[in-house]
There are 2 protein chains.
Amino acid sequence: MTNEDKKELSPAMEDYLRTIYKFEEKGAMVTTSMISESLGVAPASVTKMMKRLASMDLVEHEPYRGVGLTANGEKAAAEMARHHRLIELFLTEVVGVPWDRVHDEAHRLEHALSEYLEDRLADILGDPKVDPHGQLIPCKDGRVAVRNLRMLWELEQGTRGVVAEIEDHDPALLRYAAERTLFPGTEICVVERDPYGGSVIVALGAERCAVGQDAARQIWIETNDTTS
Amino acid sequence: MTNEDKKELSPAMEDYLRTIYKFEEKGAMVTTSMISESLGVAPASVTKMMKRLASMDLVEHEPYRGVGLTANGEKAAAEMARHHRLIELFLTEVVGVPWDRVHDEAHRLEHALSEYLEDRLADILGDPKVDPHGQLIPCKDGRVAVRNLRMLWELEQGTRGVVAEIEDHDPALLRYAAERTLFPGTEICVVERDPYGGSVIVALGAERCAVGQDAARQIWIETNDTTS
DNA sequence: TGCAGAATTGAGCCGCGTCTAAAAATAACC
DNA sequence: GGTTATTTTTAGACGCGGCTCAATTCTGCA
């Protein structure tokens with residue numbers, strides 16, 4: 001209660017925060033252009049919004065270097081992620097929307113979800129921890145489990161692991177993954193990496209399939225190495 | 001395809017249109033102040049928006065006299081009403097939200113409902129015709145059944161009828177109605193009208209109860225007179 | 001190390017949707 | 001039937017969230 005505390009966030013602000021959150025989740029440093037591209041907005045618009053969010057103590061913005069969420073910002077962003085992912089799960093489980101469509105729908109709905117409905121959905125779904133694409137659902141206080149994720153693309157030959165997450169924004173990618181039965185939970189083993197960079201060959205039980213680079217960069221594997 | 005045809009409507013415009021639609025449903029003529037009050041917005045804002053909507057051929061605006069939906073406007077407004085009411089029904093039936101809360105939730109969500117989800121909800125609910133408060137759900141082409149509704153408040157003593165609709169915007173009213181088992185479908189008979197204007201006494205089977213004026217003006221009865 | 005090209009930011013503009021204050025039209029009342 | 005009260009509209013301003021274009025800073029490469 002220093003000065004202004006519980007500002008109402010606009011949908012646009014929520015979009016920015018959740019976008020930054022998503023990048024930070026993957027351990028990336030977040031630049032203006034990443035946000036700009038991901039949101040389909042001019043870079044200058046991002047800068048302007050970063051200034052506004054910084055003045056509200058939601059992000060920290062080092063000009064020309066990048067941006068990161070503050071504690072407050074992370075709280076708010078986690079809430080948005082929770083909304084988004086609960087909705088995605090609800091739509092697939094209860095409404096029967098195919099998994100390559102739920103992202104867009106959830107994106108529209110997430111800003112309109114009240115605290116109350118959020119709780120009802122969580123209830124109905126049994127307090128889920130993971131959404132249909134394997135993204136972790138933060139709990140109400142914003143905390144999330146920690147996972148040791150690595151891009152499928154960057155795994156060494158012979159590595160075993162479990163599909164943990166598939167980027168949800170591109171329906172075509174999700175269909176591509178589904179065709180190869182690469183769902184969260186599927187066990188895989190990297191059989192071979194094409195030396196010329198085209199694709200990785202992956203074994204799923206007896207079957208094996210090739211996964212193209214673009215896809216393999218958007219599929220995240222949980223391995224059980226103790227490295228970090 | 002005269003000039004500009006399928007303008008994307010902003011949420012604000014959708015709100016205005018649905019508000020006008022709601023008044024027209026009840027046969028009222030629609031004034032600036034009614035919209036202003038109902039939307040919680042300054043009268044001047046309404047006028048300005050009416051001009052914009054008029055220029056898009058969604059409403060007809062006769063300065064100082066009132067406003068009405070054009071064919072286009074009615075189409076768009078009916079779609080919003082359909083969204084709103086499908087969501088209300090879905091929330092009560094599937095999500096288990098109590099009927100005095102669904103209006104507010106639906107109001108937030110209706111702007112974010114895609115065509116696709118609209119269809120899915122309608123499907124799940126079995127193409128319903130009526131929402132939890134008795135409001136008619138327009139079908140996809142915008143058509144609605146016609147009903148012969150009269151305010152409970154204006155019924156003559158001795159009139160029999162069926163509760164058809166209860167205004168949904170005031171949770172307290174809905175709880176008030178629920179306490180008296182005045183749900184859509186309940187059969188009633190007007191036993192007595194308090195001559196000093198306080199309330200109507202209504203019989204529900206063996207029971208009877210008093211309904212205050214403010215409530216009785218927001219409860220609509222379907223009677224079977226042929227007086228059209 | 002210096003410089004070209006890429007990324008970021010600044011300045012200024014625009015449309016939307018709101019507001020307030022003042023003017024205009026309509027309605028009500030004696 | 002004229003004056004007053006009410007409703008509606010006009011005028012002008014503002015903040016948000018975009019944009020473009022130009023200036024600035026950073027980076028990578030010769």
Side-chain angles (χ1 to χ4, degrees), chain A residues 3-4 6-20 23-24 28-69 73 76-77 80 107-108 110-112, chain B residues 3-4 6-20 23-24 28-69 73 76-77 80 107-108 110-112:
Chain A
N3 188 3
E4 64 232 283
K6 206 65 179 184
K7 281 282 188 199
E8 194 60 25
L9 262 32
S10 69
M13 288 170 179
E14 292 177 341
D15 279 342
Y16 281 97
L17 292 177
R18 196 171 62 74
T19 301
I20 300 171
F23 285 124
E24 287 198 341
M29 72 159 329
V30 187
T31 67
T32 300
S33 45
M34 286 159 72
I35 301 172
S36 144
E37 193 180 349
S38 163
L39 244 35
V41 124
S45 307
V46 177
T47 303
K48 195 184 239 184
M49 182 59 96
M50 288 312 103
K51 288 192 156 182
R52 193 171 311 147
L53 293 178
S55 83
M56 300 168 75
D57 190 33
L58 292 166
V59 305
E60 230 156 329
H61 182 213
E62 269 200 81
Y64 294 100
R65 330 239 65 245
V67 76
L69 295 171
M80 288 318 295
H107 179 61
R108 286 195 215 90
E110 62 190 355
H111 305 294
Chain B
N3 190 0
E4 64 231 283
K6 206 66 178 183
K7 281 283 189 199
E8 195 59 27
L9 263 33
S10 69
M13 289 171 178
E14 292 177 342
D15 279 342
Y16 281 96
L17 291 177
R18 195 170 63 74
T19 302
I20 300 171
F23 285 124
E24 287 196 341
M29 73 156 332
V30 187
T31 67
T32 299
S33 45
M34 285 160 73
I35 301 173
S36 143
E37 193 181 348
S38 163
L39 243 34
V41 124
S45 309
V46 177
T47 303
K48 196 179 238 185
M49 183 58 95
M50 288 310 105
K51 289 193 156 183
R52 194 172 310 150
L53 293 177
S55 82
M56 299 167 75
D57 190 33
L58 293 165
V59 305
E60 230 155 330
H61 182 215
E62 268 200 83
Y64 293 102
R65 328 239 68 241
V67 77
L69 295 170
M80 289 318 295
H107 179 62
R108 285 195 217 92
E110 62 191 355
H111 305 295

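A quick note: this is a predicted structure, and the numbers were derived from the prediction, not measured. Sequence lines set the chain letters: A, B, ... in the order given, protein chains first and strands last, and positions in each chain run from 1.
- Out of D:dT8, C:dC19, C:dG10, the shortest distance to the side chain of B:Ala44 is found at C:dC19.
- Across the protein-nucleic acid pair, B:Glu62 atom CD and D:dT7 atom C1' stand 16 Å apart, rounded to whole Å.
- Atom CD in A:Glu8 sits roughly 16 Å away from atom C1' in D:dG15 (whole-Å rounding).
- Candidate nucleotides C:dC13, D:dT10, D:dT20 were compared by shortest atom distance to the side chain of B:Lys51, and D:dT10 ranks first.
- The CE atom of A:Met29 lies 8.5 Å from the CE atom of A:Met34; values are rounded to the nearest 0.5 Å.
- Computed from C1' positions of five pairs at each end, the angle between the two local axes of the helix from C:dT1-D:dA30 to C:dC30-D:dG1 equals 0°, rounded to 10 degrees.
- Separating the OH atom in B:Tyr16 from the CD1 atom in B:Ile35 is a distance of 8.0 Å, to the nearest 0.5 Å.
- Spacing between atom CD1 of B:Ile35 and atom P of D:dT9 amounts to 9 Å, rounded to whole angstrom units.
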Review point. Step by step, would you call A:Val59 with A:Val30 a side-chain contact (heavy atoms from CB on, under 4.5 Å)?
Key: CA-CA 11 Å; A:Val59 305; A:Val30 187; over 6 Å; no

Exercise for review: Please lay out, stage by stage, how B:Leu53 and B:His61 fare under the test side-chain contact (heavy atoms from CB on, under 4.5 Å).
Suggested key: CA-CA 9 Å; B:Leu53 293 177; B:His61 182 215; over 6 Å; no

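- Within the 4.0 angstrom heavy-atom criterion, only backbone atoms of the sugar-phosphate kind lie near B:Thr32; the bases stay farther away.
- Within the 4.0 angstrom heavy-atom criterion, only backbone atoms of the sugar-phosphate kind lie near B:Met13; the bases stay farther away.
- With distances taken from any side-chain atom of A:Ala12 to the nucleotides D:dG18, C:dC19, C:dG17, the minimum falls on D:dG18.
- Counting to the nearest Å, the P atom of C:dT9 and the CE atom of A:Met34 are 14 Å from each other.
- You'll find that the side chain of B:Met49 is closest to C:dG17, out of D:dT7, D:dG18, C:dG17.
- A:Ser45 comes within 4.0 angstrom of a nucleotide base, judged by non-hydrogen atoms across all strands.
- Counting only heavy atoms from C-beta outward, the side chains of A:Arg18 and A:Glu110 approach each other to under 4.5 Å.
- C:dT8 atom C1' lies 15 Å from atom CD of A:Glu37, rounded to whole Å.
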Point to revise | A:His107 vs A:Asp15, side-chain contact (heavy atoms from CB on, under 4.5 Å): CA-CA, chis, key distance, verdict | key: CA-CA 9 Å; A:His107 179 61; A:Asp15 279 342; 3.2 Å; yes

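- Side-chain contact between A:Thr31 and A:Phe23 is absent, with no heavy-atom pair separated by less than 4.5 Å.
- Place B:Val46 and A:Ser10 on DNA chain D by their nearest nucleotides, and B:Val46 ends up nearer the 5' end.
- Atom CZ in B:Arg52 sits roughly 14 Å away from atom P in D:dT10 (whole-Å rounding).
- Going from atom CD of A:Glu8 over to atom CE of A:Met13 covers 10.5 Å, rounded to the nearest 0.5 Å.
- Distances shorter than 4.0 Å separate none of the side-chain N or O atoms of B:His61 from OP1 or OP2 on D:dT8.
- Counting only heavy atoms from C-beta outward, the side chains of B:Met80 and B:Leu17 never approach each other to under 4.5 Å.
- Using a 4.5 Å cut-off on side-chain heavy atoms (C-beta onward), A:Thr32 and A:Val67 make no contact.
- Residue side chain A:Lys48 does not reach the base of C:dG10 through any donor-acceptor N/O pair under 3.5 Å, judged by distance alone.
- The residue among B:Pro43 and A:Asp15 whose nearest nucleotide of DNA chain D is located toward the 5' end is B:Pro43.
- In this structure, A:Leu9 places its CG atom 12 Å from P of D:dC16, rounding to the nearest Å.
- When heavy atoms are screened at a 4.0 angstrom cut-off, B:Thr47 is found touching base atoms of the nucleic acid.
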Kindly give the atom pairs (protein nitrogen or oxygen, nucleotide nitrogen or oxygen) under 3.5 Å for nucleotides 22-28 of chain D.
unit_1 : atom_1 : unit_2  : atom_2 : d
D:dT27 : OP1    : A:Arg65 : NH2    : 2.8

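- For C:dA7, the OP1/OP2 oxygens have no side-chain nitrogen or oxygen of A:Thr31 closer than 4.0 Å.
- Within the 4.5 Å cutoff, side-chain heavy atoms of A:Met50 are placed close to those of A:Ile20.
- Checking the phosphate oxygens (OP1, OP2) of D:dC16, no side-chain nitrogen or oxygen of A:Tyr16 falls inside 4.0 Å.
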